[in-house]
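Worksheet for the structure shown next.
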There are 2 protein chains.
Amino acid sequence: MAKKLPQTNLEQKLRAFEQACRKVGLKLTHQRLEIFRELAVACDHPSAETLYKRLQKRMPTLSLDTVYRTLATFEKHHLITKVETVESQARFEADMDLHHHAICRQCGAITDFNWNSFDAVQLPKEISGWGRIDKKNITLHGICGKCANGGRAK
Amino acid sequence: MAKKLPQTNLEQKLRAFEQACRKVGLKLTHQRLEIFRELAVACDHPSAETLYKRLQKRMPTLSLDTVYRTLATFEKHHLITKVETVESQARFEADMDLHHHAICRQCGAITDFNWNSFDAVQLPKEISGWGRIDKKNITLHGICGKCANGGRAK
DNA sequence: CTAAATGCAAAATTTTTGCAGTCCC
DNA sequence: GGGACTGCAAAAATTTTGCATTTAG
């Protein structure tokens, strides 16, 4: 899930992205393509600022406000997701398949994981009358293995 | 869960809070007591700014930065929780019992709910080796009944 | 061509910090 | 009394906006 994307998956994802943009009338600018690609290959749920820094190397004239504007546009059209965290900076991901997150309270790393049997289970009746529920996400909080080992790889 | 606290519960909570403060050496100032009380009676998971506005009526000299500082202090000592949202402003709650949240993507309302059978279930092995997990929270996203009815009560 | 998107700069929003004075223990 | 806490103001951090220019379709 949080592993690196095989090249073929990436190309597939990019083509799907381009099609989705055309469908909703979003122009396929160089900036948009590169911002999406950078987020699609990232597996660390980067912030706008982090993406900006990574892209600056290849695109020196890119501006931070374009990154913000572009991410907001993508999110509005459900092409990417804003990850819920307790941090001051918003973080994003391009993986739109249903999955869940584990967050390290020390280093802030976010790891994806799947839990199909949970996804399939019915909500308790206490909340089932709340309204229309679109998504059902789990967030785990704790200390990742790396941090537990004093920063050394596990 | 998200209902109003009965008066007795509130008094109990305040006494527990005072004891916890003494134990960790936090001074019991008027500001801290009032900020905690206001958060404890709130059931809408208010932001620092929202709490500040509510408290200003009774405490005209209270400053917003004290609210921020105080909430951060409380959170550090696990007396309150910062709720994970996608919003720009951080939101807080004083209910430290394990529970889950449903968030309305339209009005931003956060509703608490319990799910004991989920709390008891084991994590899938895909993530069980990730590290030390302290908390396991669900967040539901959707449109609450009120918003689905065009803002009128359900 | 033309509406939409970008880059720049400036502003708005949210949160944090330094410091002098105040207050709890 | 002394160190912790608060209020004030100013700054830092994060995000948004107005406008002239550029670009995709």
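A note on names: the letters A, B, ... follow the listed sequences, proteins ahead of strands, and every chain is numbered from 1. Quick caveat, the model's predicted, so the values are computed rather than measured.
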Please state how far atom [atom1] in [X] lies from atom [atom2] in [N], giving the value in whole angstrom units.
X       : N      : atom1 : atom2 : value
B/Arg91 : C/dT15 : CZ    : C1'   : 17 Å
A/Arg32 : D/dT22 : CZ    : P     : 19 Å
B/Ile35 : D/dT6  : CD1   : P     : 7 Å
A/Glu49 : D/dA13 : CD    : P     : 10 Å
B/Lys27 : C/dT22 : NZ    : P     : 15 Å
A/Met59 : D/dT23 : CE    : P     : 12 Å
A/Lys23 : D/dG25 : NZ    : P     : 17 Å
B/Lys53 : C/dT13 : NZ    : P     : 10 Å

Given [options], which nucleotide is nearest the side-chain atoms of [X]?
X       : options                : result
A/Leu62 : C/dG7, D/dG3, C/dT15   : C/dG7
B/Thr61 : C/dC8, D/dG7, D/dC5    : D/dG7
A/Leu28 : C/dC25, C/dT15, D/dG25 : D/dG25

Any residue of residues 65-89 of chain B with a heavy atom less than 4.0 Å from an atom of DNA chain C: B/Asp65, B/Tyr68, B/Arg69, B/Ser88, B/Gln89
Closest non-hydrogen atom pair, B/Cys107 against B/Cys104: N-SG, 3.4 Å
Test ring pair (Phe, Tyr, Trp, His ring centres under 6.0 Å) applied to B/Phe74 and B/Phe17, B/Tyr68, B/Phe92, the passing residue: B/Phe17
Short side-chain N/O contact from A/Gln31 to OP1 or OP2 of D/dT23, under 4.0 Å: no
Any A/Thr29 side-chain N or O less than 4.0 Å from OP1/OP2 of C/dT6: yes
B/Trp130-B/Ser128 side chain donor-acceptor pair, cut-off 3.5 Å: no
Run the side-chain donor-acceptor check on residues 131-139 of chain A: report pairs under 3.5 Å with partners two or more places apart or on a different chain.
residue: A/Arg132; atom: NH1; partner: A/Asp134; partner atom: OD1; Å: 2.6
residue: A/Arg132; atom: NH1; partner: A/Asp134; partner atom: OD2; Å: 3.4
residue: A/Asp134; atom: OD2; partner: B/Arg105; partner atom: NH2; Å: 2.7
residue: A/Lys136; atom: NZ; partner: A/Phe118; partner atom: O; Å: 3.2
residue: A/Lys136; atom: NZ; partner: A/Asp119; partner atom: O; Å: 3.1
residue: A/Lys136; atom: NZ; partner: A/Val121; partner atom: O; Å: 2.7
residue: A/Asn137; atom: ND2; partner: A/His99; partner atom: O; Å: 2.9

B/Glu75: salt bridge (Lys or Arg N to Asp or Glu O under 4.0 Å) partners, not counting sequence neighbours: none
Euclidean distance, B/Asp95 CG relative to B/Lys13 NZ, rounded to 0.5 Å: 5.0 Å
Sugar-phosphate only, base, or nothing, as touched by B/Ala48 at under 4.0 Å among non-hydrogen atoms: nothing
A/Asp44, A/Ile80, A/Asp112 screened by side chain to side chain contact (heavy atoms under 4.5 Å, CB included) with A/Glu93, the one that passes: A/Asp112
